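See structure below.
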Amino acid sequence: MVEKDFEMTKKLAAIGRQFMIPGDIYAFSVIKRGNINATFKVTFKQEEETIETYIFQRINTFVFKSPVEIMENIELVTSFIEKKSIGKPSLKFRHTKDGKNYCYDDESSFWRVMNYIDSVTFDLSDDPYIIASTGEAFGQFVMLLSELDGSKLHETIPDFHNTGKRLDTLFKHEALAPDEVLDECRNELRYIHDVGHKARKLSDKFLKGKLPVRVTHNDTKCNNVLFDKDTKRPLVVIDLDTVMPGMAMYDFGDAVRFIANSCHEDEPDVRKVFFDTSKFRAFCKGYLGQVKGILTKEEIDSLVLATFSITIELAARFLDDYILGDVYFKIDYPGHNLVRTRCQLALAKDIMRKFDELTRIVEESVNM
Ligand code: GN1
Ligand code: MG
């Protein structure tokens with residue numbers, strides 16, 4: 001065992017003790033998912049040789065400034081879902097001796113532990129069945145939580161999907177950035193300026209109280225749905241860190257931004273990037289089948305605009321981070337955030353080109 005693994009095992013064992021996990025730590029592996037937190041699959045062996053597996057997560061408290069509030073939101077949402085979906089696997093967070101669903105380690109890092117659900121995830125899929133099932137899972141999330149009062153949740157990242165504010169922040173940093181940085185991204189900035197008015201429309205309206213406040217997930221990437229290994233049915237929606245009051249349409253938009261992209265969200269060759277209408281159709285079928293009785297007509301009519309808006313919003317966030325020197329999103333190489341920006345903008349342009357066709361697909365899916 002290398003030194004680093006030894007230290008990590010000791011740390012995970014100490015956290016396991018805080019959560020009163022029976023037995024001794026047996027093995028662990030790192031789960032590489034997401035741009036923010038650190039996730040570990042940890043197994044414990046008990047005296048009678050039984051092995052139990054758990055998920056340990058260290059929360060990035062630079063991004064998540066109020067982790068206790070996050071855990072309060074998660075408790076509310078998981079208990080609500082569990083009551084409504086009897087017989088299905090659900091996320092269960094372990095509690096410490098004093099009844100908390102989190103703990104701190106000796107370096108003041110924030111940890112939580114949940115049950116491990118044996119499953120598969122898909123980073124991207126070409127299979128219409130998997131795409132429709134992903135839509136179904138996120139639609140069901142809206143449906144199951146439609147009776148939970150969104151205002152009971154903490155807004156753990158204020159203005160998370162306030163597109164207008166995200167753009168203003170980018171433009172503020174643009175004004176302060178040195179020329180050599182700006183030279184790299186003038187075209188990208190120009191496009192974001194040009195479409196800013198359209199991209200901010202929905203979130204401005206939401207802020208004025210003119211659109212319904214829903215319980216939203218805010219990170220509806222397809223790899224946040226766990227699927228049964230054999231049947232490939234969706235089991236449960238995970239990664240509830242950003243559950244907050246918000247717009248249902250943005251959750252939809254974020255999901256299709258990711259799943260209907262012909263490429264990964266950081267494809268460097270933008271000529272390969274397009275918005276795949278058949279993937280969009282498959283997602284709509286699964287999603288709208290669940291939510292058409294719940295969302296208002298205005299919400300349904302805004303789904304395509306929301307898709308465009310959140311894609312621009314994310315491009316603006318990536319670009320802002322690039323300008324600031326990569327302080328927020330984990331990067332794999334210098335310029336990664338600029339590559340991500342360009343990919344999102346190529347996608348947004350294609351969404352704009354296909355706007356009418358996408359609107360028709362939504363209408364057809366509602367009437368199915
Ligand atoms: C971040 O870490 P991950 O992949 O769950 C980000 C999302 C972005 C996403 C883009 C709290 O999510 O908003 O859409 O990266 N989460 C946060 O890959 O900022
Ligand atoms: Mg996430």
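Being a predicted model, the structure only gives us computed values, none of them experimental. Order of appearance sets the numbers: ligands from 1, and atoms from 1 within every ligand.
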Can we call the ring centroids of Phe93 and Tyr102 under 6.0 Å apart?
-> no
So, do Tyr287 and Phe252 have ring centers that fall under 6.0 Å from each other?
-> yes
Closest to atom 17 (C) of ligand 1 among Tyr328, Phe64, Phe258 (heavy-atom distance) = Tyr328
What part of Asp219, side chain, backbone, both or neither, has a heavy atom within less than 4.0 angstrom of ligand 1?
-> side chain
Salt-bridged, Asp350 to Arg353, with N to O below 4.0 Å?
-> yes
Is there at least one pair of N or O atoms, one from Asn224 and one from ligand 1, spaced under 3.5 Å apart?
-> no
Applying side-chain contact (heavy atoms from CB on, under 4.5 Å) between Asp219 and each of Ile36, Val243, Thr242, report the one that passes.
-> Thr242
Those atoms of ligand 1 less than 4.0 Å from some heavy atom in Arg257 = 14 (O)
Polar proximity ligand 1 side, Asp254 side, N/O cut 3.5 Å exclusive | no
Interfacing atoms of ligand 1 (cut-off 4.0 Å, heavy-atom, Thr242) | 11 (C)
Arg340 to ligand 1, any heavy atom closer than 4.0 Å = no
Without hydrogens or angle criteria, can the side chains of Asp127 and Ser125 be said to hold a donor-acceptor pair below 3.5 Å?
-> no
Counting from 1 in the order shown, the ligand 1 atoms closer than 4.0 Å to a non-hydrogen atom of Arg317 are 7 (C), 13 (O), 17 (C), 19 (O)
Do Glu265 and ligand 1 have an N or O pair less than 3.5 Å apart?
-> yes
Could you tell me whether some N/O pair between Phe318 and ligand 1 is separated by less than 3.5 angstrom?
-> no
Nearest heavy-atom neighbours spanning Lys292 and Ser365 | NZ-O, 4.3 Å
Taking only non-hydrogen atoms of Lys221 and a 4.0 Å limit, the atoms of ligand 1 in range are 3 (P), 4 (O), 9 (C), 10 (C), 12 (O), 15 (O), 18 (O)
Donor + acceptor pair across side chains of Asp266, His336 (<3.5 Å) = yes
Are Lys210 and Asp204 close enough for a salt bridge, meaning some N to O gap below 4.0 Å?
-> no
Under 4.0 Å from a heavy atom of Asp239: give me the atoms of ligand 1 that qualify, with their elements.
-> 5 (O)
